[in-house]
*Asks:* 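One structure coming up, written as structure tokens, with questions to follow.
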Amino acid sequence: MSTPAADKREGNLAAPTRHPVEWRDPGFYDGDAFLKEAERIFDICHGCRRCVSLCNAFPTLFDLVDGSKTMEVDGVAKADFWKVVDQCYLCDICYMTKCPYVPPHPWNVDFPHTMLRGKAIQFKRGETGFRDKLLTSTDKVGKLATIPVVVKAVNWASNNGAARALMEKTLGVAAEAALPPYAERRFRDEARPSVRWPVRDGQRTRGKVALFTTCYVNYNEPGIARDLVKVLAHNEVPYVLAEQEACCGMPKLELGDLETVEKLKDVNVPPLAALARQGFAILTPVPSCTLMFKSELPLLFPDDPDVIAVSEAMMDPFEYLVLRDRDGLLRKDFAKPLGKISYHIPCHSRVQNVGQKTREVLEWLPGTEVSTIERCAGHDGTWGVKKEYFAMSMKIGTPVFRQMAAPQPDYVASDCPIAGRRIEQGIRKIGERSGRKEHPITLVRLAYGLD
Ligand code: SF4
Ligand code: SF4
């Protein structure tokens with residue numbers, strides 16, 4: 001690769017900026033153009049290698065380079081580039097926390113979006129299998145699995161060795177991967193808006209909240225949303241639910257299925273935009289979904305004013321609580337000490353660039369000691385339950401499992417409930433004692449002493 005001499009300065013002191021994804025440009029799906037751009041980026045990465053420990057995409061690339069005849073990227077067969085694409089789960093950590101060559105640096109390295117382009121090409125070519133399409137259809141599967149007569153059978157099968165062995169053989173879902181149970185009652189079927197308090201806008205926070213529940217919380221862990229609304233109610237913040245809700249689109253984005261991402265955006269965004277314009281803050285209790293609305297959709301649809309309105313109103317619940325406190329509008333009448341908490345910051349919280357807001361809130365709790373672990377737990381959406389990646393995923397997560405177990409915690413917690421479940425499984429697998437797994441918002445509800 002040749003770069004102009006003026007562009008060879010090391011690193012970048014400016015904050016990373018991100019260019020929109022040009023996915024409507026016909027050249028986006030041109031396989032040869034993709035391979036050319038991937039080669040350019042891979043060559044810069046080969047000369048840098050800072051990201052070697054982040055995930056398995058970089059070791060895969062560097063092993064290919066080191067095993068080639070030239071020991072340079074030009075010695076790697078182009079057909080092998082797809083092996084690197086398959087190892088990336090689009091966590092964005094390399095872009096947001098590590099890479100000195102991201103825009104505005106003229107080298108314009110965007111490793112995750114280059115991998116996204118590769119995934120989109122694979123999807124367009126029809127190379128995506130049934131298993132991956134099924135695992136990423138979280139809303140459709142959730143609706144089906146939580147039908148009253150179905151839910152017990154689904155939960156039984158998830159925990160039955162013979163059924164899981166069959167699932168591994170036929171679907172490619174790792175038999176060992178702990179799967180979340182489905183709830184007998186969906187959150188959106190039971191929840192009612194609560195508008196009985198006056199709206200108190202602060203300097204930094206809107207005084208009323210719209211809740212985007214997310215597929216995972218609606219179908220698998222509705223207790224997280226119940227706890228979030230209890231915390232809002234304790235603070236007299238009126239809340240409503242989004243009028244209609246489909247999957248945020250993150251799983252389909254990770255598959256490269258950008259047309260389905262657009263369809264889901266068209267379901268979710270208009271009602272959320274209406275709420276945003278009425279002055280609601282929008283909260284989602286799953287960091288990947290928050291990130292989807294905050295950052296990914298605006299990069300895919302930069303000219304859609306509804307997408308921008310939603311992005312500006314969207315907040316992580318703990319970002320909201322901290323800013324509410326700075327506005328002098330949060331109660332801190334915590335009644336119950338929680339002992340030791342091992343708290344994990346998931347990648348999709350880190351890349352929101354809002355600081356460690358959950359840690360800040362947990363550290364307010366009296367009689368509570370918080371150990372914070374900021375590292376990938378290896379689950380990464382649907383990647384870590386796939387048969388071919390499960391072992392690698394557990395290997396990536398092992399340092400997190402060890403660090404989380406080390407303080408002998410009373411609780412283990414992650415903002416990402418799926419990562420939390422994987423951490424609990426990983427701690428058991430390495431033979432350590434896990435504390436009780438709870439979502440951080442549940443810990444706040446407990447500390448307030450709310451039932
Ligand atoms: S986006 Fe995440 S998974 Fe993909 S290459 Fe970067 S660090 Fe690895
Ligand atoms: S993404 Fe950036 S920091 Fe990471 S290896 Fe490539 S050039 Fe280096």
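Along the sequence shown, residues carry numbers from 1. Just the heavy atoms: all of them, side chains too, but no hydrogens, waters or symmetry mates, feed the values below. Counting convention: from 1, in listed order, for ligands and their atoms alike.
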*Asks:* Whether the side chain of Asn268 engages the backbone of Cys247 through a donor-acceptor N/O pair (distance < 3.5 Å, no angle test) should be reported.
*Replies:*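 Yes: the side chain of Asn268 pairs with the backbone of Cys247.
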
*Asks:* Under a 3.5 Å threshold, yes or no: a donor from one side chain and an acceptor from the other, between Asp415 and Tyr343?
*Replies:*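 On atom types as modelled, these side chains qualify, holding a pair under 3.5 Å.
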
*Asks:* Should you measure from each heavy atom of Cys55, which atoms of ligand 1 turn up under 4.0 Å away?
*Replies:*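 Near Cys55, the atoms of ligand 1 are 3 (S), 5 (S), 7 (S), 8 (Fe).
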
*Asks:* Counting only pairs under 3.5 Å, give me each side-chain donor-acceptor contact of residues 298-307, with atom names and distances, residues two or more places apart or in other chains.
*Replies:*
unit_1	atom_1	unit_2	atom_2	d
Asp304	OD1	Asp306	N	2.9
Asp304	OD1	Val307	N	3.3
Asp304	OD2	Lys265	NZ	3.0
Asp306	OD1	Arg277	NH1	2.9
Asp306	OD1	Arg277	NH2	2.9

*Asks:* Any salt bridge linking Asp257 with Lys133? Criterion: basic side-chain nitrogen under 4.0 Å from a carboxylate oxygen.
*Replies:*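 No salt bridge links Asp257 with Lys133.
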
*Asks:* Does ligand 1 have a heavy atom under 4.0 Å from the side chain of Phe58, from its backbone, from both, or from neither?
*Replies:*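 Looking at Phe58 and ligand 1, just side chain atoms fall under 4.0 Å.
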
*Asks:* Go around atom 8 (Fe) of ligand 2 and count every protein N, O or S atom nearer than 2.8 Å.
*Replies:*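 Those protein atoms number 1 in total.
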
*Asks:* Distance under 4.0 Å to a non-hydrogen atom of Cys88: what atoms of ligand 1 satisfy this?
*Replies:*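 Close to Cys88: 1 (S), 3 (S), 4 (Fe), 5 (S).
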
*Asks:* With the threshold set at 4.0 Å, does a side-chain nitrogen-carboxylate oxygen contact exist between Glu319 and Lys294?
*Replies:*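 Counted as a salt bridge, because a side-chain N and a carboxylate O are separated by less than 4.0 Å.
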
*Asks:* Quick one: which ligand 1 atoms are inside 4.0 Å of a heavy atom on Pro112?
*Replies:*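 This gives 1 (S) as the contact atoms.
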
*Asks:* Which atoms of ligand 1 have any heavy atom of Cys91 under 4.0 Å away?
*Replies:*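 The list of qualifying atoms is 1 (S), 2 (Fe), 3 (S), 7 (S).
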
*Asks:* Relative to Tyr29, does Lys124 satisfy both conditions: NZ or CZ under 6.0 angstrom from the six-membered ring centre, and within 45 degrees of the ring's axis?
*Replies:*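 Yes, a cation-pi geometry holds between Lys124 and Tyr29.
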
*Asks:* Would you say that more than 12 heavy atoms from the other residues, nucleotides or ligands in this model lie under 6.0 Å from the NZ of Lys36, or not?
*Replies:*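 No, the 6.0 Å shell around NZ holds no more than 12 heavy atoms from other groups.
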
*Asks:* Centroid-to-centroid, Tyr95 to Phe111, below 6.0 Å?
*Replies:*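 No, the ring of Tyr95 stays outside the 6.0 Å limit from the ring of Phe111, centre to centre.
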
*Asks:* Does atom CD of Glu369 have more than 12 heavy-atom neighbours from other groups under 6.0 Å away?
*Replies:*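 Atom CD in Glu369 is not crowded, with 12 or fewer foreign heavy atoms closer than 6.0 Å.
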
*Asks:* Suppose I only count heavy atoms of Asp92 and a 4.0 Å limit; which atoms of ligand 1 are within that range?
*Replies:*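 Counting from 1, the qualifying ligand atoms are 1 (S), 2 (Fe).
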
